[in-house]
Number of protein chains: 2
Amino acid sequence: MKTIKDIAKVAAVSPSTVSRVLNNSGGYSEKTKQRILTISKQLNYQKNEYASSLVSTQKVNVIGVIVTNAKSSFSTKIIEGVEDFGYQKDARILLAHCGMSDNERLRKCIDLMLRQNVTGIISISVQFDEDNLAYLNKFDMPLISINVVVPGYPSITINNYQAAYQATQFIIEHGHRQIALVGVKKDDLQTGYNRIDGYSKALMDHKITIDQNLIIDGDFSFDSGRKSFETLLKLPKMPTAVFAASDDTAAGIISGAYEHDYNIAGELSIMGFDNSKISEMITPQLTTVVQPFYEMGELAVKEILDSKPEASVVLPVNIIDRGSVFKTISKYTSNN
Amino acid sequence: MKTIKDIAKVAAVSPSTVSRVLNNSGGYSEKTKQRILTISKQLNYQKNEYASSLVSTQKVNVIGVIVTNAKSSFSTKIIEGVEDFGYQKDARILLAHCGMSDNERLRKCIDLMLRQNVTGIISISVQFDEDNLAYLNKFDMPLISINVVVPGYPSITINNYQAAYQATQFIIEHGHRQIALVGVKKDDLQTGYNRIDGYSKALMDHKITIDQNLIIDGDFSFDSGRKSFETLLKLPKMPTAVFAASDDTAAGIISGAYEHDYNIAGELSIMGFDNSKISEMITPQLTTVVQPFYEMGELAVKEILDSKPEASVVLPVNIIDRGSVFKTISKYTSNN
DNA sequence: AGCTTTTACGCAAACGTTTGCGTAAAATTA
DNA sequence: TAATTTTACGCAAACGTTTGCGTAAAAGCT
């Protein structure tokens, strides 16, 4: 690797001059500028950003991204948003996986980011345990969390309560009154609880009594959707619609139905959540709640680079109708 | 951020001693070691890897990963492999997206890797144009390519010819003789061509005449699968099986069939390719060709870190049977 | 005790940059 | 032409580490 000194030697100037030319900081003649530029091109010079950032006041921005090893793939979309926007801003992405609730590994991720002294950290769906949170607090390291709230730090989330309310209302407006909620983690205070709440409120607002049997626990995964279908089958009466906690879970329900030779067409409406790629690729394509993942990534970068990430953001969601929730004439309109 | 000097000051030793203690390089008493260690813990010291790698002979490994913005999501699996194995080896992942055949952006990705002087580059599905390849050649930068062959550099791929042969044979052995090949790019010399070749050879070996109308061009995407189904419909005779170029394409075919009220169950066998997540989540679950993405990622890291990445590797594939290719009694056994 | 070996540390250079300061030379002005 | 300003550059320090070399002090030996 060629250094600034190599160029200086060839150009018969001091390294300082080379540096000034390459950084456009003035203080050289046009002639030497051209000379230095051509030489640096000839030598295929590449600045060593490590050395540079060590001394320069205007550091190069490196953004640390910590993701879980979650099966769900929406993090890809977020990272794409991070990358694209970071690219525009000439920032680098340092990526690290922290496993699933593997506190030790999360600690190592944090340490990594600190040692590489990144500009800030974007964590995606990462749950910080007490220890790691306390540890992080010791440093002056900006962090912005996507999808989950990390106490004391800004976050980018959606309003899960409202999203669930909207989705449930959408289903109700299509004539359904027996609506299952499948795949949320009940003890997940950040997401699960709020979604159950929004779902319940929508039902109540439409004078539909809440049937606890229709709220089926899960972990947002495909598998939990698949298993949940069996639970649905065992119900005294099959609901007419299912609100799935994620598109993956929705896919699981469809898969489970197929497995049990249950033909959902015209029988069981399904609402997904996420608008992940699978929601378009599955048959039937899913009506689903759109989470603006890409924008979340962009926004996170923006906040980190503005270095005023004190403001948490709650992004709006909308529903994309792909026809998997269809109109039904409720059989219960009168007697409830 | 605390530095080694801060520790030195508090411990009343020189920075050298602190460094030696922290790196276990010997030359200090047990007493000072303990003192320094506790102080460094108290101060929340974190080594600055930039400064360190600038001078140290045993640099910290940073692995540059360049991915396209491809819609297909298998890169996630590869990156996971890279990350997990890199984590074990204490390597860092610098991630960059290079768009789709955006040569300028690819150049910037390369420059980025050079400036951050990474240990080596892992490129996933990236097609290098002549210019960028020539450019890269100027540097002494190890690169290993996954999925595509980059002239002059080692690569990790599968044998597409053989994979297609195996898959086609699998279909034939289930009694099919009218087998469409859908979604490959004919002019893609690296993948498309070889898959067509393997498919053709398998047919020939089983004395099935090749019908060019059954080879339907595409770009491995969901959409091309969806569109291709219409092409299939227009054929004088519907094939009994489809070999899709990717799981995404297979999903597209299923989606297209649904769109046209064509019930594939028992009628149209489908073989996917990739074993991506969708192959399990779709209904019906797909019999598919398993690409060892995760292992590819691991292997790539291994080769970069061994810094002897001269050897290209062709990994074996296998077929996972999920029942989407079913037995049929060929109606053409006798008259062909 | 006197000698040699080992231990435990400090000094200073180095990595590849950037940047404040200093200063000859060139350019401008009177 | 002489005085003044500007230009164009070099010097050296700095960033936070690591590491070869040097050396007092301690330890071991006879």
Side-chain angles (χ1 to χ4, degrees), chain A residues 1-37 39-40 43-62 92 111-112 114-119 139-140, chain B residues 1-37 39-40 43-62 92 111-112 114-119 139-140:
Chain A
M1 273 292 153
K2 298 296 177 184
T3 75
I4 224 173
K5 288 182 189 171
D6 297 320
I7 300 176
K9 214 164 288 172
V10 179
V13 293
S14 76
S16 329
T17 304
V18 177
S19 171
R20 277 188 277 257
V21 168
L22 295 177
N23 291 307
N24 275 311
S25 40
Y28 41 80
S29 69
E30 183 63 24
K31 204 177 60 181
T32 49
K33 174 183 172 179
Q34 292 309 328
R35 189 155 39 99
I36 288 175
L37 285 182
I39 291 174
S40 95
L43 298 185
N44 292 310
Y45 170 75
Q46 290 285 347
K47 157 192 321 204
N48 182 330
E49 285 190 348
Y50 280 26
S52 170
S53 90
L54 198 57
V55 58
S56 179
T57 47
Q58 54 219 25
K59 295 186 182 256
V60 54
N61 284 308
V62 179
R92 326 271 174 249
D111 277 345
L112 165 62
L114 290 167
R115 284 201 299 269
Q116 292 268 328
N117 66 347
V118 298
T119 308
F139 304 93
D140 182 31
Chain B
M1 272 294 151
K2 297 297 178 185
T3 75
I4 223 172
K5 288 181 189 171
D6 297 320
I7 300 176
K9 213 164 289 173
V10 178
V13 293
S14 75
S16 329
T17 303
V18 177
S19 171
R20 275 188 278 259
V21 168
L22 295 178
N23 292 306
N24 275 311
S25 39
Y28 43 80
S29 69
E30 183 63 23
K31 202 178 61 182
T32 50
K33 174 182 171 179
Q34 292 309 330
R35 186 155 39 99
I36 288 176
L37 285 182
I39 291 174
S40 93
L43 298 185
N44 292 312
Y45 170 76
Q46 289 286 347
K47 153 186 336 196
N48 182 330
E49 285 190 349
Y50 280 26
S52 168
S53 90
L54 199 57
V55 57
S56 179
T57 47
Q58 54 219 26
K59 295 183 182 261
V60 53
N61 284 308
V62 180
R92 326 272 175 249
D111 278 345
L112 164 62
L114 291 167
R115 283 201 297 271
Q116 292 267 329
N117 67 347
V118 299
T119 309
F139 304 93
D140 183 30

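Within every chain, numbering begins at 1; the chains are lettered A, B, ... in the order of the sequence lines, protein sequences first and strands thereafter. Just the heavy atoms: all of them, side chains too, but no hydrogens, waters or symmetry mates, feed the values below.
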Quiz item: Taking C-beta and beyond as the side chain, do A/N23 and A/K47 meet within less than 4.5 Å on heavy atoms?
Solution: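 Yes, close enough: below the 4.5 Å cut-off.
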
Exercise. Indicate the atoms forming the closest heavy-atom contact of A/V62 with A/V118, along with that distance.
Key: O-CB, 3.3 Å

Quiz item: Choosing from D/dT17, D/dT19, C/dC15, which nucleotide comes nearest the side chain of B/S52?
Solution: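 Selected nucleotide (nearest to the side chain): D/dT17.
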
Quiz item: Can you find a donor-acceptor pair, distance only, under 3.5 Å between A/S16 side chain and C/dT19 base?
Solution: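 Check passes, donor-acceptor contact within cut-off.
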
Self-check item: C/dG20 base / A/R20 side chain donor-acceptor hit below 3.5 Å
Solution: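 Donor-acceptor pair under 3.5 Å: yes.
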
Self-check item: Strand-adjacent residues in residues 21-35 of chain A, judged by heavy atoms under 4.0 Å from DNA chain D
Solution: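 Going residue by residue through residues 21-35 of chain A, the ones with a heavy atom under 4.0 Å of DNA chain D turn out to be A/G27, A/Y28, A/S29, A/T32.
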
Presence of [X] side-chain N/O under 4.0 Å of [N] phosphate oxygens OP1/OP2:
X	N	answer
A/S14	D/dC9	no
B/S19	D/dG16	no
A/T3	C/dC15	no

Measure the distance from [atom1] on [X] to [atom2] on [N] and round it to the nearest whole Å.
X	N	atom1	atom2	result
A/D6	C/dT17	CG	C1'	13 Å
A/N48	D/dC15	CG	P	18 Å
B/I36	C/dA8	CD1	P	12 Å
B/E49	C/dC15	CD	C1'	16 Å
B/I4	C/dG10	CD1	P	12 Å

Quiz item: the helix from C/dA1-D/dT30 to C/dA30-D/dT1: angle between its terminal axes, five pairs each, to 10°?
Solution: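 Axis angle across the helix from C/dA1-D/dT30 to C/dA30-D/dT1, nearest 10°: 40°.
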
Self-check item: Most 5' of B/V13 and B/L54 on DNA chain C, judged by nearest nucleotide
Solution: B/V13

Quiz item: With a 4.0 Å cut-off on heavy atoms, is A/Q58 in touch with a base, just the backbone sugar-phosphate, or nothing at all?
Solution: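 Contact class for A/Q58: none.
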
Quiz item: Which is true for B/K47 with a 4.0 Å heavy-atom rule: it touches a base, it touches only sugar-phosphate, or it touches nothing?
Solution: sugar-phosphate

Practice problem: Return yes if some donor-acceptor pair links the side-chain N/O of B/K59 with the main-chain N/O of B/S53 below 3.5 Å, else return no. | Solution: yes

